[in-house]
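To keep things clear, I will list the structure first and then write my remarks on it.
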Amino acid sequence: MSEQDAACIERSRRDPEAFAEVFRRYAPDLTRYVTRRLGRDAADDVVAETFLAAFRQRDRYDPARPSARPWLYGIATNQMGRHVRAEVRQLRVLERTGTDQVTAPFTDRSDDRVSAQASGRSLAGALAALPKGHRDALLLIAWADLNYEETAQALGVRLGTVRSRVSHAAPRTRQEQSDNGGGHP
Amino acid sequence: MNEMDTLSGFRAEVPRPEPADLRAQEDRLLAALRTPPPRPALRGWTRGWKLGLVAGLAVAAAATAVVALPSDPPRVIHAMPVAHSAVLTRAAQATAGQTELRPRPGQYLVYESRMMFASEGTSRDGVASRYLTDELRRVWLPVEGDATGGFIDGERLPPKVWPGWPIPPEAWENLGRYRPEKLADFDQRAEQDLTDYAHTSAWPTDPEGMYRRLYTGLGNDEEAHELVWGNVQSLLRESYLPAAQRAALFRAAAAIPGVVTVPDARDAAGRPGIAAARLWAVRGTRVELIFDPKTYQYLANVRSSWTRPRPGPPWARC
């Protein structure tokens, strides 16, 4: 499949509609990832903008790259940059109130979910407190299933930078939980 | 439960949408793709017109797979082996006699290339298709600055036959010249990975230093060698190194394990050449860097696959 990504993108340079195949392959996972970060409404816009930006930059896609996945998540991360305040605000609301605006539309039994538990509330606080670059690296690995190398490629940083961001960020999320776990009213 | 497990469960109730849920989004995207984007203002861009160089020519018999990754901060790496590729060593020697460009900040470097790619997939009428796309590509990149300062134009040429396969009707659509467009809206490469002239002209001029630069943060295994070989290929395609750095690049590349000589190479235009090639058994690919057999001027790169393309399920086709 990965070899075919480059073929699709090359073909779309001549036949724009071939890019729809790239959308069909990656839109479901990408939509879920962006929705988990920003909520449903913002995700619709970000995903649409991501694929449009990717299409317009398809000439820069290196056909030697086996998979378009890191490239697309990198573009999405860039597009999400405009929503960083809203992302942090929603995490803070969850931390303070236990109400998650992101997951609310998807469940009517949120009481047994991680995000509604005390651990979820403190986790939300920990994520909100991270620098954006650290949060990006951590969530690309935890939610988007990118490996360290793919994350480095997506974020345009060195592999060592990803390692240090994750090693810095991950314990902070654990620390927040052990400090606060079960402590919320 | 470690932090990654906890994170994986956080907001896990957000569902992965079904393809049918995204149909409207896909339709909107398709509509947008058919609408040409607004053209950027191109004031000042003609400055670079006079500084053309590097006629490259590329063909890919099957689109494949080398990942050019950003590398780690400097770490201890393996020593550079003895150079063993006579082709690349001669290419290094030949740089001394080649015309040297001396671009200045504010100018553009223009890269013209002709690119052919295999296009495989299913045509609109549901028939399996395979043909070669053919395109003239011209990229302007600033002497100083990342890809967001670049422009691209070119011409889509008529498709070429893949022997034994019909050319699908849609391959004849959207041919002709396309107007200059901005090359990239953003360029996320880290500072040390930029390949504009302002950066490449500051790279090491000794082969060992260049070899260290190429392998920084990478190991000494097959994957590292393939990554480096792919990066050399990318550098030759659309970046410009002064002669001293170019010679160092060729000498360093000559020491990459697994590089062999292909005495009877031929590029997409049918020009004969001599090539340095590297086989990657894992992916079944061979990437050749082809040089003029007399002047050792770089001509083209060719990526080919020796494994038969797998038919694959419909979703894997393009």
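First the proteins, then the strands, lettered A, B, ... as listed; each starts at 1.
Considering every non-hydrogen atom in both A:Pro28 and B:Pro17, the closest pair reads O-CD, 3.4 Å. Shortest non-hydrogen contact noted between B:Gln25 and A:Ala48 is OE1-CB, 3.7 Å.
For B:Pro19, no part lies under 4.5 angstrom from a heavy atom of chain A. For B:Ile152, the part sitting under 4.5 Å from any heavy atom of chain A is the side chain, from C-beta outward, and nothing else. Neither the backbone nor the side chain of A:Val22 comes within less than 4.5 Å of any heavy atom in chain B. Looking at A:Arg37, only its backbone comes within 4.5 Å of chain B, counting heavy atoms on both sides.
The most heavy-atom pairs under 4.5 Å with chain B, out of A:Leu52, A:Thr35, A:Leu139, come from A:Leu52. With chain A as partner, the option from B:Glu135, B:Glu173, B:Arg28, B:Glu238 having the largest number of non-hydrogen pairs under 4.5 angstrom is B:Glu135.
Contact check for A:Leu127 versus B:Leu7: side-chain heavy atoms found under the 4.5 Å cut-off. With contacts defined as side-chain heavy-atom distances shorter than 4.5 Å, the pair B:Asp193/A:Arg158 qualifies. In this structure, the side chains of A:Phe55 and B:Leu29 stay at 4.5 Å or more apart for every pair of heavy atoms.
Between the side chain of B:Arg16 and the backbone N or O of A:Tyr33, no donor-acceptor pair lies under 3.5 Å. Remark: side-chain polar atoms of A:Arg36 are paired, donor with acceptor, to backbone N or O of B:Phe10 under 3.5 angstrom. Looking only at distances, no side-chain donor or acceptor of A:Arg24 sits under 3.5 Å from a matching main-chain atom of B:Glu26.
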(request) Give the intermediate values and the outcome of side-chain contact (heavy atoms from CB on, under 4.5 Å) for residues B:Arg11 and A:Phe106. (result) CA-CA 10 Å; B:Arg11 290 177 172 169; A:Phe106 301 105; over 6 Å; no
(message) For B:Leu22 and A:Phe23: C-alpha separation, side-chain torsions, deciding distance, then whether side-chain contact (heavy atoms from CB on, under 4.5 Å) applies.
(response) CA-CA 9 Å; B:Leu22 297 170; A:Phe23 178 89; 4.1 Å; yes
(request) Could you go through the side-chain contact (heavy atoms from CB on, under 4.5 Å) check for A:Glu17 and B:Leu30 one step at a time? (result) CA-CA 6 Å; A:Glu17 296 195 9; B:Leu30 276 171; 3.9 Å; yes
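More than 12 heavy atoms of other shown residues, nucleotides or ligands fall within 6.0 angstrom of atom CZ in B:Arg177.
Going from atom CZ of A:Arg56 over to atom CD of B:Glu181 covers 9.0 Å, rounded to the nearest 0.5 Å.
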